[in-house]
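Structure record follows, encoded as structure tokens.
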2 protein chains.
Amino acid sequence: MTTIRPYQPADWAALWPLLRATFERGDTYAYAPSSSEEEIHRAWIEVPAATFVACDAAGTLLGTYTLKPNQPGLGAHVCNCGYVVAPSSSGQGIATLMCEHSQAQAVAMGFRAMQFNLVVSTNTRAVRLWQHLGFAVAGTLPGAFHHATLGYVDALVMFKQLVK
Amino acid sequence: MTTIRPYQPADWAALWPLLRATFERGDTYAYAPSSSEEEIHRAWIEVPAATFVACDAAGTLLGTYTLKPNQPGLGAHVCNCGYVVAPSSSGQGIATLMCEHSQAQAVAMGFRAMQFNLVVSTNTRAVRLWQHLGFAVAGTLPGAFHHATLGYVDALVMFKQLVK
């Protein structure tokens, strides 16, 4: 039984190693692999409008996501989300659960659409999952992601309208 | 004779009314039309890696642009720019001059590509100008801009590689 609930400061001790391990790989997120704990706390907790965590029945952290406006003012009706799943929980549908939760949460917060700005094209599992969940590839950015092992690879902008 | 030079703090007194007049229209930039002077100073001067102004021979401000990384870390080789031309100087090639200057400046700063995240589709003159200057429409974001008079309109992501 997976529960998704708002982040609480007491989660950070378990959340930071999970985020660090993900960003250190340099294959899915733009955050520099050498980012400090302070930088990531700011990006994942302080800047977003909301941060959530997914936990199992024992309270163990399985994943996390953030939600924020993608642009100021006249673009602030489109939100942006980021999702991270613990490697040990990969393939268990946690990303799907979190993405569906984030869409409901976004609508509840008044957003009309959701946009991902930099989906790494070589992260094919993520691309397929977002497409399965209703996101369209709005465009391709040539060489826009500097992959830690593959060098410059394309990134995708993905978009889903939540409110018609 | 138009000169483009780095912004200096003494420029703000002339720059702020120009930016305010542009953003107040709510037809080209996402900044809320009611944005405060402090918010726009932060967005146009403090956040960007560089801000430039275009002046005539008498030193009168004709336009301005900003340049910054579009993403952190592994996406920081792609820059983002924003351009504003004084209404009284419209149609005189100032935007072209600034965009060409910004591309040279971006390469000098080590950027490999330039991306515009939210080009308002109804701003057809800008879309045509960027295309003329080598930018491609990478994608269309449905209803991503809340135009002050037209309501929700599409926005374009535009992209140009500067270094092969």
Side-chain angles (χ1 to χ4, degrees), chain A residues 23-36 39-40 42-43 47 69-80 111-120 136-164, chain B residues 23-36 39-40 42-43 47 69-80 111-120 136-164:
Chain A
F23 302 151
E24 267 180 358
R25 291 202 308 273
D27 57 358
T28 50
Y29 273 88
Y31 302 117
S34 61
S35 294
S36 70
E39 287 167 334
I40 297 302
R42 177 166 164 71
V47 168
N70 198 45
Q71 294 283 351
L74 302 178
H77 58 289
V78 180
C79 70
N80 169 253
F111 292 105
R112 300 174 57 89
M114 189 177 290
Q115 180 175 334
F116 305 148
N117 298 306
L118 201 75
V119 181
V120 181
V137 175
T140 300
L141 308 169
F145 185 77
H146 195 188
H147 193 289
T149 56
L150 302 174
Y152 294 106
V153 300
D154 295 350
L156 309 180
V157 178
M158 300 190 75
F159 195 92
K160 180 178 181 178
Q161 285 190 292
L162 304 175
V163 176
K164 297 293 175 188
Chain B
F23 302 151
E24 267 179 359
R25 289 201 311 271
D27 58 358
T28 52
Y29 273 88
Y31 303 116
S34 60
S35 295
S36 69
E39 287 167 333
I40 296 302
R42 177 166 163 73
V47 168
N70 198 45
Q71 294 283 350
L74 303 177
H77 57 289
V78 179
C79 69
N80 168 253
F111 292 105
R112 300 173 57 89
M114 188 177 290
Q115 180 176 334
F116 304 149
N117 299 304
L118 201 76
V119 181
V120 181
V137 175
T140 300
L141 309 169
F145 185 78
H146 195 188
H147 193 289
T149 55
L150 302 174
Y152 294 106
V153 299
D154 295 350
L156 309 179
V157 178
M158 300 190 75
F159 196 92
K160 181 179 181 177
Q161 283 190 293
L162 304 175
V163 177
K164 296 294 177 189

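Computed from a predicted model, the values in this text were never measured in an experiment. Proteins get letters first, then strands, A, B, ... in listed order; numbering begins at 1 in each.
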Among A:Ala113, A:Ala138, A:Gly75, A:Gly143, the residue with the most heavy-atom pairs under 4.5 Å to chain B is A:Ala138
What one should report as the nearest heavy-atom pair of B:Val78 and B:Gln115 is CG1-CB, 3.7 Å
Most heavy-atom pairs under 4.5 Å with chain A, out of B:Arg112, B:Gln71, B:His147, belong to B:Arg112
Listing, residues 29-36 of chain B side-chain donor-acceptor contacts under 3.5 Å, not counting sequence neighbours, or none:
| from | atom 1 | to | atom 2 | distance (Å) |
| --- | --- | --- | --- | --- |
| B:Tyr29 | OH | B:Tyr83 | N | 2.6 |
| B:Tyr29 | OH | B:Tyr83 | O | 2.8 |
| B:Ser35 | OG | B:Ala32 | N | 3.3 |
| B:Ser35 | OG | B:Ala32 | O | 2.6 |
| B:Ser36 | OG | B:Glu39 | N | 3.1 |
| B:Ser36 | OG | B:Glu39 | OE1 | 3.4 |

Intermediate values then yes/no, side chain to side chain contact (heavy atoms under 4.5 Å, CB included), A:Asn80 and A:Asn117: CA-CA 8 Å; A:Asn80 169 253; A:Asn117 298 306; 3.4 Å; yes
Output for pair (A:Asn70 CG, A:Phe116 CZ), nearest 0.5 Å, gives 10.5 Å
task = Assign the ring pair B:His77 / A:His146 to parallel, tilted or perpendicular, where the plane angle (0 to 90°) is split at 30° and 60°.
result = perpendicular
Ranking A:Gly139, A:Ala148, A:Pro142 by heavy-atom pairs under 4.5 Å to chain B gives rank one to A:Pro142
Ranked by heavy-atom pairs below 4.5 Å to chain B, first place among A:Leu141, A:Leu118, A:Val137, A:Val120 goes to A:Leu141
Bottom line for A:Ala144: the part with an atom under 4.5 Å from chain B's heavy atoms is both
In short, B:Phe111 meets B:Ala76 closest at the heavy-atom pair CE2-O, 3.2 Å
Among residues 155-164 of chain B, residues within the sub-4.5 Å heavy-atom range of chain A, in order of number, are B:Val157, B:Phe159, B:Gln161
